[in-house]
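Here's the structure, in structure tokens; my notes come after.
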Amino acid sequence: MEIKILLVEDDENICHTVKAFLLETGYKVDACLDGSDALTMFYDHSYQLVILDIMLPSMNGHELLREFRKLHNTPVLMMTALSDDENQIRAFDAEADDYVTKPFKMQLLLKRVEALLRRSGALAKEIRWGKFTLRPEEYRAFYRGEELSLTLREYEILMLLWQNKGRTLSHETILSRVWGYDFDGDGSVVHTHIKNLRAKLPESIIKNVRGIGYRIEEGAL
């Protein structure tokens, strides 16, 4: 499974150094220097992790994190020179997943990145979830040991909903995350694929939130 990271850092030298390091370790990285640009990129693309500075032009990291959380549960690592307790508390109150202060060693940053990706399931070779088993690297899903005959899109929808358990994802969010921001087909494709996915799942775990979208409950299974 390809791991894509969004790096948001307004210091060009730090941004370039961190991006180059992460690319060398095998991750795909999109980087930007501005808060508004970061929000657009986050909305238009699917990322497994965000590394986010606090002091940013247009929109600071605290504001940006709150907007991110309206859209997705993607792990967010705050990376900032602001080491005071107040800023750390604000970040965690806004649902940041971790916090690293500058200056830092690259290997420490890498270990924090790996820990968050493992926790989210992005690096897991196999995710056990009740009677279900997901294999992200193979795009395969199993129920009680029997493989489910899912298309790639159906698997991606199931994985996306699993990663956001307890959060309702809108049709637009699912369309953007699974088909891509530049998809110009009929938006009803989401409803059709979820209808087909539900028919293949032995248990009714995908809930329809009328007029909004779909979710898997946090305590499902």
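Counting begins at 1 with the first residue of the sequence. Remember, it's a predicted structure, so these values are computed and weren't measured experimentally.
Residues V190 and W179 are in side-chain contact: their nearest non-hydrogen atoms beyond the backbone lie under 4.5 Å apart. Between C32 and F42 the shortest side-chain heavy-atom distance does not fall below 4.5 Å. Looking at Y47 and I3, their side chains never come closer than 4.5 Å, going by heavy atoms from C-beta outward. With contacts defined as side-chain heavy-atom distances shorter than 4.5 Å, the pair M55/N60 does not qualify. In this structure the side chain of E138 never reaches within 4.5 angstrom of the side chain of Y155, judged on heavy atoms. Under the 4.5 Å side-chain criterion, counting only non-hydrogen atoms from C-beta, I51 is in contact with L49.
Relative orientation of the H171 and Y214 rings is perpendicular, given thresholds of 30° and 60° on the angle between their planes.
Y143 and E203 share a side-chain donor-acceptor pair at under 3.5 Å.
Shortest non-hydrogen contact noted between A91 and L65 is O-CD2, 3.5 Å. In this structure, W162 and S120 approach most closely via the heavy-atom pair CZ3-O, 3.3 Å. The nearest pair of heavy atoms linking K207 to S204 is NZ-O, 3.3 Å. Residues C15 and L7 approach most closely at O-CD2, 3.5 Å, considering heavy atoms. The minimum heavy-atom distance linking A38 with F68 is given by the pair O-CE2, 4.2 Å. Summarising the geometry of Y27 relative to T25, their closest heavy-atom pair is CD1-OG1, 3.3 Å, with the distance given to 0.1 Å.
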Point to revise | Evaluation steps, side-chain contact (heavy atoms from CB on, under 4.5 Å), between L148 and F142 | key: CA-CA 5 Å; L148 300 172; F142 300 80; 5.9 Å; no

Exercise for review: Please report the C-alpha distance between D30 and I5 in whole Å, then the side-chain angles of each, then the deciding distance to 0.1 Å, and finally whether the side-chain contact (heavy atoms from CB on, under 4.5 Å) criterion is met.
Suggested key: CA-CA 6 Å; D30 289 341; I5 296 174; over 6 Å; no

Exercise for review: May I have the step-by-step check of side-chain contact (heavy atoms from CB on, under 4.5 Å) for D97 and F92, ending in yes or no?
Suggested key: CA-CA 7 Å; D97 296 279; F92 286 121; over 6 Å; no

Review point. Is there a side-chain contact (heavy atoms from CB on, under 4.5 Å) between Y99 and T80 once you walk through the steps?
Key: CA-CA 8 Å; Y99 197 105; T80 176; 3.2 Å; yes

Exercise for review: Evaluate salt bridge (charged side-chain N to carboxylate O under 4.0 Å, His left out) for R112 paired with E114, printing each intermediate quantity in order.
Suggested key: CA-CA 5 Å; R112 290 181 181 271; E114 291 174 345; over 6 Å; no

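The NE2 atom of H193 sits 13.5 Å away from atom CG of L158, with the distance rounded to the nearest 0.5 Å. For the atom pair NZ of K111 and NZ of K105, the computed distance is 13.5 Å after rounding to the nearest 0.5 Å. Rounded to the nearest 0.5 Å, atoms CG (L109) and OG1 (T17) are 11.5 Å apart. Note that OG of S58 and CG of L64 are 10.0 Å apart. Values are rounded to the nearest 0.5 Å. With rounding to the nearest 0.5 Å, the separation of CD1 in I216 from CD in Q163 is 10.5 Å. Atom CG of residue D98 and atom CE of residue M79 lie 12.5 Å apart, to the nearest 0.5 angstrom.
Screening D53, V50, I54 against M78 for a side-chain contact (heavy atoms from CB on, under 4.5 Å) leaves a single residue, I54. Only one option out of R140, R135, K200 pairs with E147 in a salt bridge (Lys or Arg N to Asp or Glu O under 4.0 Å); it is R140.
With hydrogens and angles ignored, the 3.5 Å screen pairs no side-chain donor or acceptor of H45 with any backbone N or O of M41. Judged by distance alone, with hydrogens and angles left aside, the side-chain atoms of R153 form a donor-acceptor pair with the main-chain N or O of V178 at under 3.5 Å. A side-chain donor-acceptor contact under 3.5 Å links N164 to the backbone of L160. For the pair R69 (side chain) and H72 (backbone), a donor-acceptor distance under 3.5 Å is present. Under a 3.5 Å cut-off, the side chain of S188 and the backbone N or O of H191 do not form any donor-acceptor pair. A donor-acceptor pair is defined here as one N or O able to donate and one able to accept, closer than 3.5 Å; no such pair exists between the side chain of T133 and the backbone of W129. Between the side chain of T173 and the backbone N or O of L169 there is no donor-acceptor pair closer than 3.5 Å. Judged by distance alone, the side chain of K70 and the main-chain N or O of E67 form no donor-acceptor pair under 3.5 Å. Without hydrogens or angle criteria, E154 side chain to T151 main chain gives a donor-acceptor distance under 3.5 Å.
Hydrophobic clustering, with ILVMFWY side chains joined whenever heavy atoms are under 4.5 angstrom apart, groups F104 together with V113. Taking hydrophobic clusters as Ile, Leu, Val, Met, Phe, Trp and Tyr residues chained together by side-chain heavy-atom distances below 4.5 Å, I194 does not share a cluster with V209. Hydrophobic clustering of Ile, Leu, Val, Met, Phe, Trp and Tyr side chains at less than 4.5 Å, counting indirect connections, unites I14 with L110. Hydrophobic clustering, with ILVMFWY side chains joined whenever heavy atoms are under 4.5 angstrom apart, keeps L6 apart from L33. No chain of hydrophobic side-chain contacts below 4.5 Å, direct or via other Ile, Leu, Val, Met, Phe, Trp or Tyr residues, connects L52 to I89.
Sorted by first and then second residue, the side-chain hydrogen bond (donor to acceptor under 3.5 Å, both in side chains) pairs with a member in residues 3-12 read E9-K102; sequence neighbours excluded.
Environment of CE in M106: crowded, with over 12 heavy atoms of neighbouring residues, nucleotides or ligands closer than 6.0 Å.
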